[in-house]
Number of protein chains: 2
Amino acid sequence: MQITRAGEYGVLGLLHLARRGPARMALIDDISRDEEIPKSFLAKIFQSLVKAGVVQSYRGTGGGFALTRKPSDITVLEVIEAIEGKIALQRCQLEVPDCEHMEGCALCGLFERAQDRVRAVFAGTTLADLITTEATLPAKTRHIRKLQPAAFK
Amino acid sequence: MQITRAGEYGVLGLLHLARRGPARMALIDDISRDEEIPKSFLAKIFQSLVKAGVVQSYRGTGGGFALTRKPSDITVLEVIEAIEGKIALQRCQLEVPDCEHMEGCALCGLFERAQDRVRAVFAGTTLADLITTEATLPAKTRHIRKLQPAAFK
DNA sequence: TTGATTTAGGACTAAGATTGTCCTGTTGAT
DNA sequence: ATCAACAGGACAATCTTAGTCCTAAATCAA
């Protein structure tokens, strides 16, 4: 399963929240504008993140979304799998395997090993890690367009 | 990019050829029957493998396909990428990158690392390796349904 | 040389996934 | 009550996957 835009947008949205510092809220509207992600699509994605317990939502005036944990406690794997379901490099590896072959076949085993590597990379990277990396990149090449998103009103 | 059936079928088809031993030919018809792969789809897949130089085709009566190299010299990466194009875990990593962000962003870098791991796993596994692994699996769980494909006529 | 066999290649199609949009709730603050 | 903001479902456009089908080209054999 390829990492889709949904997963990518989810990570970008959370990075936006993480950059705001602890317990700061952001509106879907603001995140969507600053990160250039279609608003209604991002709203849908954040629903998954709320269900997964990565962010908490607050409705009504003064509401928005906030991280439930420190950025250093949120892995990219968790975020992506909350949005896309378990990463599966091939149909053998789906939660409900779609494979005519018996378990344990040589090719399925290979796919499994490759997939484990991918998951390990994502499991070993937190939102905080990404932010640290960003800081070491030349400004023009950063993923983030606005380092100072509009202040919480 | 997820490994599609085309890639999977390609590897299975080549494994079939590899199991026949050196310089033994097989017809699309036979491979397709023995491996339970739709014939016209497999034919299309093998066209890519011919172009990539992994197999050679012979037309006419007594024709078919044969490997151009030893199974131990053909990696799974080569096969899959011949069929599907370069493995790209995300649109940032496509041959023609489809990504609004500048090069070198933290998230794209992460995707690249994950992708490199996948490619390394596939690059480190040859058709011969898969056949060796098969032999260590209990017979009922093998990918292969017929260890003795119809003899070359 | 005629015909049977086998791959080559392009056009086409059905089904499913992705990437959204839109509308109607529901919740909370003032 | 009313406004602000998220929740959730239905819907739709586009793209990808997973094929099919048909005609052509190459090869061999009678």
Side-chain angles (χ1 to χ4, degrees), chain A residues 1-10 12-13 17 25-33 35-52 54-66 68 80 83-85 87-91 94 96 98-100 152-153, chain B residues 1-10 12-13 17 25-33 35-66 68 80 83-85 87-88 90-91 94 96 98-100 152-153:
Chain A
M1 179 184 298
Q2 128 138 255
I3 309 301
T4 65
R5 287 183 195 230
E8 176 193 336
Y9 291 164
L12 293 178
L17 273 177
M25 259 187 281
L27 301 178
I28 278 292
D29 232 352
D30 294 335
I31 307 177
S32 130
R33 186 181 340 97
E35 305 295 333
E36 296 174 37
I37 298 169
K39 178 179 164 182
S40 47
F41 194 26
L42 186 63
K44 193 119 293 186
I45 291 164
F46 264 62
Q47 286 180 24
S48 308
L49 295 174
V50 170
K51 270 190 196 161
V54 175
V55 294
Q56 186 160 358
S57 70
Y58 302 88
R59 303 206 214 188
T61 313
F65 293 88
T68 57
I80 290 178
I83 295 166
E84 310 197 345
I87 288 175
L89 206 68
Q90 213 254 355
R91 60 200 179 105
L94 294 174
V96 180
D98 170 21
C99 180
E100 305 80 41
F152 178 58
K153 334 176 217 305
Chain B
M1 179 182 300
Q2 127 136 258
I3 310 302
T4 65
R5 285 181 196 232
E8 177 194 335
Y9 291 164
L12 293 178
L17 274 176
M25 258 188 281
L27 302 178
I28 277 292
D29 233 353
D30 295 335
I31 307 178
S32 130
R33 187 183 339 99
E35 304 295 332
E36 296 174 36
I37 298 169
K39 178 180 165 180
S40 47
F41 193 25
L42 185 62
K44 191 119 294 185
I45 291 164
F46 264 62
Q47 284 181 24
S48 309
L49 295 175
V50 171
K51 269 191 195 159
V54 176
V55 294
Q56 187 159 358
S57 70
Y58 303 89
R59 302 201 214 191
T61 313
F65 293 89
T68 57
I80 289 178
I83 295 166
E84 310 198 345
I87 288 176
Q90 215 254 352
R91 59 201 180 103
L94 294 173
V96 181
D98 169 21
C99 181
E100 304 82 39
F152 179 58
K153 344 173 216 298

| field | A:Ser57 side-chain N/O to D:dA7 phosphate OP1/OP2 under 4.0 Å | value | yes
| request: Would you mind reading off the distance between A:Glu84 atom CD and C:dG20 atom P, rounded to a whole angstrom? | output: 13 Å
| query | Is a donor on one side and an acceptor on the other found under 3.5 Å between the side chain of B:Glu84 and the backbone of B:Ala6? | reply | no
| Can a side chain N or O of A:Gln47 be found less than 4.0 Å away from OP1 or OP2 on D:dG8? | yes
| task | Determine, stepwise, if the pair B:Asp30 / B:Arg33 fulfils side-chain contact (heavy atoms from CB on, under 4.5 Å). | result | CA-CA 5 Å; B:Asp30 295 335; B:Arg33 187 183 339 99; 2.8 Å; yes
| Looking for any heavy atom pair under 4.0 Å, which part of the strands does A:Phe65 touch: base, sugar-phosphate only, or nothing? | sugar-phosphate
| Is the shortest side-chain N/O distance from B:Thr4 to OP1 or OP2 of D:dT16 below 4.0 Å? | no
| said: Just the rounded figure in Å: distance from P of D:dT20 to CG of B:Leu42. | reply: 11 Å
| Ignoring hydrogens and angles, does a donor from either the side chain of B:Arg59 or the base of C:dT7 sit under 3.5 Å from an acceptor on the other? | yes
| message | Please find the pair of heavy atoms, one from A:Leu17 and one from A:Ala26, that lie closest to each other, and give the distance. | response | CD2-CB, 3.7 Å
| query | Which is it for B:Leu12 and B:Ile31 under the side-chain contact (heavy atoms from CB on, under 4.5 Å) test, yes or no, and what are the steps along the way? | reply | CA-CA 9 Å; B:Leu12 293 178; B:Ile31 307 178; over 6 Å; no
| query | If you check every side-chain atom of A:Phe41, which of C:dT19, C:dG10, C:dT6 has the closest atom? | reply | C:dT19
| field | A:Glu8 CD - C:dG20 P separation (whole Å) | value | 10 Å
| remark: Rounded to whole Å, the CD-P distance (B:Gln56 to C:dA8) equals 10 Å
| field | A:Arg5 side chain near C:dT19 phosphate (N/O to OP1/OP2, under 4.0 Å) | value | yes
| query | Atom CG of B:Leu27 and atom P of D:dA26: how far apart are they, to the nearest Å? | reply | 20 Å
| request: Ignoring backbone atoms, establish whether B:Tyr58 has a side-chain N or O less than 4.0 Å from OP1 or OP2 of D:dC28. | output: no
| request: Could you check how far CD1 of A:Ile45 sits from P of C:dT21, rounded to whole Å? | output: 11 Å
| task | Evaluate the criterion side-chain contact (heavy atoms from CB on, under 4.5 Å) for residue pair B:Tyr9 and B:Ile83; output intermediate values, then yes/no. | result | CA-CA 10 Å; B:Tyr9 291 164; B:Ile83 295 166; over 6 Å; no
| task | Verify the contact: side-chain N or O of B:Thr61 to OP1 or OP2 of C:dT5, cut-off strictly under 4.0 Å; return yes or no. | result | no
| remark: Here the distance between atom P of D:dA4 and atom CD1 of A:Ile28, to the nearest Å, is 17 Å
| task | Using only heavy-atom distances, decide whether a donor-acceptor pair under 3.5 angstrom links the side-chain of B:Lys51 to the base of C:dG9. | result | no
| query | Between the side-chain atoms of A:Lys44 and the base atoms of D:dG9, is any donor-acceptor pair under 3.5 Å? | reply | yes
| note | Of D:dT20, C:dC22, D:dA7, the nucleotide closest to the side chain of A:Val50 is D:dA7
| Separation of C:dT19 C1' from A:Ile37 CD1 (nearest whole Å) | 13 Å
